[in-house]
There are 2 protein chains.
Amino acid sequence: MSAGPITIGEAARRTGVSAKMIRWYEATGLLPPATRSEAGYRHYDDADLHTLRFVRRARDLGFSVEAISDLLALWRDRARPSAGVKAIAEQQIADLRRRIAELEGMARTLEHLAESCCGDERPECPILDDLATEDHAPAPRRHSAGSEALATHSMDLRTKRGR
Amino acid sequence: MSAGPITIGEAARRTGVSAKMIRWYEATGLLPPATRSEAGYRHYDDADLHTLRFVRRARDLGFSVEAISDLLALWRDRARPSAGVKAIAEQQIADLRRRIAELEGMARTLEHLAESCCGDERPECPILDDLATEDHAPAPRRHSAGSEALATHSMDLRTKRGR
DNA sequence: CCTTGACCTTCCCATGATGGGAAGCCCCAT
DNA sequence: ATGGGGCTTCCCATCATGGGAAGGTCAAGG
């Protein structure tokens, strides 16, 4: 029910989108420029908050900013056919499934290796032996071209290990 | 069999690691500086190729460059206890499983939504309706701190949609 | 009225692993 | 000796995000 325009920090708190990211979304054109106070402060109203939550939710579902841009346009167009939205969603699902399969393959291979490694004081280690084996499949280079219209670029699949 | 030292391009062809990446691995300390010809060309011998294939294989299993650095050190130390290697591998497995679960959650949610969207000319769209719904769980912010010793940083989970 | 502290602004930088491309040198085969 | 392809280094872009500096603004309390 709060109606008065609020500042970016407050909007961040209420939508779960950081102030940094709100500014960035505006700078890159995902969101239209916010209205400003005389001093230059950005102000957000309830409709803006609604949009921000929309973006947040879409991010949580793994959509890229580019995809969200399309979704936002469709959302604003009340006469759009739902087919377009569904197509974007299915593209996203396919992408998620592909990435899951890729990670699953890695996990399974590693699980096999870890199982056969006793992991004690002794230096015998099937894991290192596997890594050092010369004849692994050329493994189709990542970043292979997709089918034109539905081309996707596989993301980075590695882990960041904090330390 | 081929014994003579070869150039970086040839090493790239034979190991599946791009010349760019070989230079980068050297620059960042994952690999020791390559020997150079008088003209400054890098030269690689069979042992180097073996190492490069090791790195390549580890990358294919999703290990970060930092983890590979540890694995390489263990590989070179023939007296290492296999426990250390196994620990790294299990950390990696846990990380992969966590990421898979996260993607799986997104995929399932989207599949439910896509199922209920007829995807025709009509503008009714449960997918957009969901995105526009105000009350979604605060969704624990990504990048939450892990447990000190085994701390991991979750990766980016979004899609790049080529266009 | 003035200070203080919390907030806002913009701008630059870093992340991780990868590729693109420019400018310039080198090597081999014709 | 010349041309083309490979090598060198260096800079830039990606994608979404955060960190932090330098400086302006606002509201509350002395």
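Note on naming: letters A, B, ... go to the chains in the order of the sequence lines (proteins, then strands), and numbering restarts at 1 for each one. Bear in mind that the values here come from a model prediction, so they are computed numbers and not experimental data.
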Worksheet item: What residues, two or more places apart in sequence or in another chain, satisfy ring pair (Phe, Tyr, Trp, His ring centres under 6.0 Å) together with B:Y25?
Response: none

Item to complete: Rounded off to whole Å, could you give me the CD1-to-P distance for the A:I6 and D:dC26 pair?
Response: 17 Å

Item to complete: Mind checking B:R13 for me? I need base, sugar-phosphate or nothing, with any heavy atom below 4.0 Å counting as a touch.
Response: nothing

Practice prompt. For the residue pair A:H50 and A:W75, categorise the inter-ring angle as parallel (less than 30°), tilted (30 to 60°) or perpendicular (more than 60°).
Written response: perpendicular

Discussion item. OP1 or OP2 of C:dG16 versus the side-chain N and O atoms of B:S64: is any pair under 4.0 Å?
Written reply: no

Item to complete: Could you check whether B:S37 gets within reach of a base, just the sugar-phosphate, or nothing at all, counting any heavy atom under 4.0 Å?
Response: nothing

All N/O contacts under 3.5 Å from nucleotides 21-24 of chain D to the protein, with atom names and distances to one decimal?
from: D:dG24; atom 1: N2; to: A:Y41; atom 2: OH; distance (Å): 2.8

Worksheet item: Below 4.0 angstrom, N of the basic side chain to O of the carboxylate: do B:R23 and B:E26 qualify?
Response: no

Discussion item. Do the side chains of B:E104 and B:R99 get close enough for a salt bridge, i.e. N-O under 4.0 angstrom?
Written reply: no

Worksheet item: What is the nucleic acid contact for B:R23, judged by heavy atoms within less than 4.0 Å: base, sugar-phosphate only, or nothing?
Response: base

Worksheet item: For B:F63 and C:dG16, what is the distance between atoms CZ and C1' respectively, to the nearest whole Å?
Response: 17 Å

Item to complete: For the pair A:S82 (side chain) and B:D120 (backbone), establish whether a donor and an acceptor sit closer than 3.5 Å, ignoring hydrogens and angles.
Response: yes

Worksheet entry | Any A:T7 side-chain N or O less than 4.0 Å from OP1/OP2 of C:dC8 | yes

Worksheet item: Nearest-Å distance, CG (B:D60) to C1' (C:dA17)?
Response: 14 Å

Worksheet item: Has B:Y25 got a side-chain N or O lying under 4.0 Å from the OP1 or OP2 atom of C:dA17?
Response: no

Discussion item. Without decimals, in angstroms, what is the distance between B:H43 NE2 and C:dC26 C1'?
Written reply: 11 Å

Worksheet item: Rounded to the Å, how far apart are B:R59 CZ and C:dG19 C1'?
Response: 14 Å

Fill in: Which atom of A:I8 lies closest to which atom of A:A19, heavy atoms considered
CD1-O, 3.7 Å

Item to complete: Could you tell me whether the phosphate oxygens of C:dC7, OP1 or OP2, come under 4.0 Å of any side-chain nitrogen or oxygen in A:R42?
Response: no

Fill in: A:S18 or B:A19, whichever maps to the more 5' nucleotide of DNA chain D
B:A19

Discussion item. Is any side-chain heavy atom of A:L61 closer than 4.5 Å to one of A:Q92?
Written reply: no

Fill in: Separation of D:dC7 P from B:M21 CE (nearest whole Å)
17 Å

Worksheet item: Within this structure, what is the CD-to-C1' distance between B:E38 and D:dT8, rounded to whole angstrom?
Response: 16 Å

Worksheet item: Do NZ/NE/NH1/NH2 and the carboxylate oxygens of B:D60 and B:R57 come within less than 4.0 Å?
Response: no

Worksheet item: With a 4.0 Å cut-off, would you call A:E111 and B:R97 a salt bridge?
Response: yes

Fill in: Helical bend (five base pairs per end, nearest 10°) for the helix from C:dC1-D:dG30 to C:dT30-D:dA1
30°

Practice prompt. Let me know the distance between CH2 of B:W24 and P of C:dT18, rounded to the nearest Å.
Written response: 7 Å

Discussion item. Would you compute the distance between atom CG of A:D129 and atom CG of A:L113 and round it to the nearest 0.5 angstrom?
Written reply: 9.5 Å

